[in-house]
Structures are given as C-alpha cells and as structure tokens.
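Working notes, structure below.
Everything quoted here is computed from the prediction, not taken from an experiment.
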Amino acid sequence: MNDKQHNLDLRYLRMARIWAENSYCQRRQVGALVVKNKMIISDGYNGTPTGFENVCEDENNVSKPYVLHAEANAITKLARSNNNSDGATIYITASPCIECAKLIIQAGIKRVVYGEKYRLDDGIKLLERAGIEVVYLEI
C-alpha cells in the first residue's frame, strides 16, 4: 500500500471514530463510513432502528437484539439513496461480525479498513474468503 492511500485510510478511520460518537450505545460506540472515489457516500453508527428509543442496552447492560451495527446502518442507508457501493471501501472503528461481513460482501464492497480487533474473527475470515481486501490499522 502506498503512503498516500495509507494516509487516506488513517484519515477516514479517524472520521469514522468521530462519527461513532453519535451512537447512544453505552457499552460500545462503533462508526462506519463507506467511501467510493474519495467521496463519503454513506455513514452509520450502531444504534436502534429509526423511531425507536435511543437506548441500546437492557437493564442487565446487554445489547437489545434489535440494535443495528454501524456497518448495517451505513449499507442500508445506501439502499435509500442513489449511490451504490460497488467497489467501495468501508471504514469501521471495530472489526465486523459475521452478519455484517455478509452484508459487506453482498453490497459489492471491495475493501474493509478497521481500527479495533473484536474477540471473534469469523467476520474477517469470511471477508478474506470472499476475496475482499482487509486492512487493520491501529489508531
């Protein structure tokens, strides 16, 4: 990877981290940006569906089952726009779970850049199996 791309990756990942601050989740705030041709075409952060209360955890501090991940929010937001993610890069503050990895594959995203490793790596393994470039950048 060249220096220019590396610097862009770091910049977009920092922006995703700032975007994560929009999340109302207490346990973990995650942000995602979808970038195509050096333009941000979608964004997302983890949280409840539109119209739901902005409370992500139950009384036992466990995430509610309907909380959406940042990647899912960014990808589904694309479905409501005139953009598409074919060949795009998604920047995520944390590595994707296997469910989000499936969405990334189906959305035609070709690169995943993430900044924090999650305890499970099945999502990363699935992305690699699909031929998607996966980049871990610790920031």
Drop me the distance from L10's CG to Q5's CD, to the nearest 0.5 angstrom. 10.0 Å

Let me check something: do V113 and V35 share a hydrophobic cluster, defined by ILVMFWY side-chain heavy atoms less than 4.5 Å apart, either directly or through other members? yes

Nearest-0.5 Å distance that lies between atom CG in D43 and atom CG in L33: 6.5 Å

Taking Y24's backbone N and O only, do any of them form a donor-acceptor pair with Q26's side chain (distance below 3.5 Å, no angle check)? yes

N/O donor-acceptor pair under 3.5 Å between N73 side chain and Y45 backbone: yes

K64 atom NZ: more than 12 heavy-atom contacts under 6.0 Å: yes

Closest heavy-atom pair, V34 versus S85, reported as atoms and distance to 0.1 Å, is CG1-CB, 4.3 Å

Could you tell me whether the side chain of D58 and the main chain of N60 form a donor-acceptor pair under 3.5 Å? yes

If you look at every heavy atom in C100 and A72, which pair is closest and at what distance? SG-N, 4.2 Å

Please determine whether side chain to side chain contact (heavy atoms under 4.5 Å, CB included) holds for the pair R27 and C56, giving the CA-CA distance in whole Å, both sets of side-chain angles, and the decisive distance to 0.1 Å. CA-CA 9 Å; R27 289 179 54 222; C56 298; over 6 Å; no

Side-chain contact, heavy-atom cut-off 4.5 Å: Y66 with P49? yes

Distance-minimising heavy-atom pair for A20 and V30: CB-C, 3.4 Å

Side-chain ion pair, R28 and E57, N-O less than 4.0 Å: no

Once rounded to the nearest 0.5 Å, what's the spacing between atom OG of S95 and atom CG of D122? 9.0 Å

I40 and M15: side chain to side chain contact (heavy atoms under 4.5 Å, CB included), yes or no, with the steps? CA-CA 10 Å; I40 297 170; M15 291 170 72; 3.4 Å; yes

Between K102 and E71, is the salt bridge (Lys or Arg N to Asp or Glu O under 4.0 Å) condition met? List the steps. CA-CA 11 Å; K102 291 189 273 187; E71 308 93 311; over 6 Å; no

K38 backbone acceptor or donor facing Y12 side chain under 3.5 Å: yes

According to a 4.5 Å side-chain heavy-atom criterion applied to Ile, Leu, Val, Met, Phe, Trp and Tyr, with indirect links allowed, do Y118 and V134 form part of one hydrophobic cluster? no

Do I124 and Y114 pass the side chain to side chain contact (heavy atoms under 4.5 Å, CB included) test, and can you show the C-alpha distance, the side-chain angles, and the key distance before you say yes or no? CA-CA 10 Å; I124 296 298; Y114 69 99; 3.5 Å; yes

Does the side chain of I75 reach to within under 4.5 Å of the side chain of I109, using non-hydrogen atoms? yes

If we ignore angles and hydrogens, is there a donor and acceptor under 3.5 Å between the side chains of Y91 and D9? yes

Backbone N or O of G47 within a donor-acceptor pair of the S23 side chain at under 3.5 Å? no

Between the side chain of K36 and the main-chain N/O of D86, is any donor-acceptor distance below 3.5 Å? yes

Between OG of S42 and CZ of R80, what distance do you get to the nearest 0.5 Å? 11.5 Å

I90 reachable from L126 in the ILVMFWY side-chain graph, under 4.5 Å edges: yes

Could you tell me whether E53 atom CD has more than 12 heavy atoms of other residues or ligands within 6.0 Å of it? yes

Measure across G44 and A74 and return the closest heavy-atom pair with its distance rounded to 0.1 Å. N-CB, 3.8 Å

Check: V112 main-chain N/O paired with T89 side-chain donor or acceptor under 3.5 Å: no

Is there side-chain contact between R111 and I132, with heavy atoms separated by less than 4.5 Å? no

Could you pull out the closest heavy-atom pair between E116 and Y136, with the gap in Å? N-CE1, 4.0 Å

To the nearest 0.5 angstrom, please state how far the NZ atom of K77 sits from the OG1 atom of T50. 9.5 Å

Please check this pair: side chain of N46 against backbone of A70, looking for a donor-acceptor N/O pair closer than 3.5 Å. no

Tell me whether E128 at atom CD has more than 12 heavy atoms from other residues, nucleotides or ligands lying less than 6.0 Å away. yes

Does some side-chain heavy atom of T48 sit less than 4.5 Å from a side-chain heavy atom of N54? yes

From CD1 (I98) to CG (D121), nearest 0.5 Å: 10.0 Å

Do P96 and I104 come within less than 4.5 Å of each other through their side chains, counting heavy atoms only? yes

Kindly say whether W19 contributes a backbone atom to a donor-acceptor pair with the side chain of N22 at under 3.5 angstrom? yes

Ignoring hydrogens, what is the shortest heavy-atom contact between G87 and K110? Give both atom names and the distance. CA-CG, 3.6 Å

Main chain of G31, side chain of T93: is a donor-acceptor contact present, judged purely on distance under 3.5 Å? yes

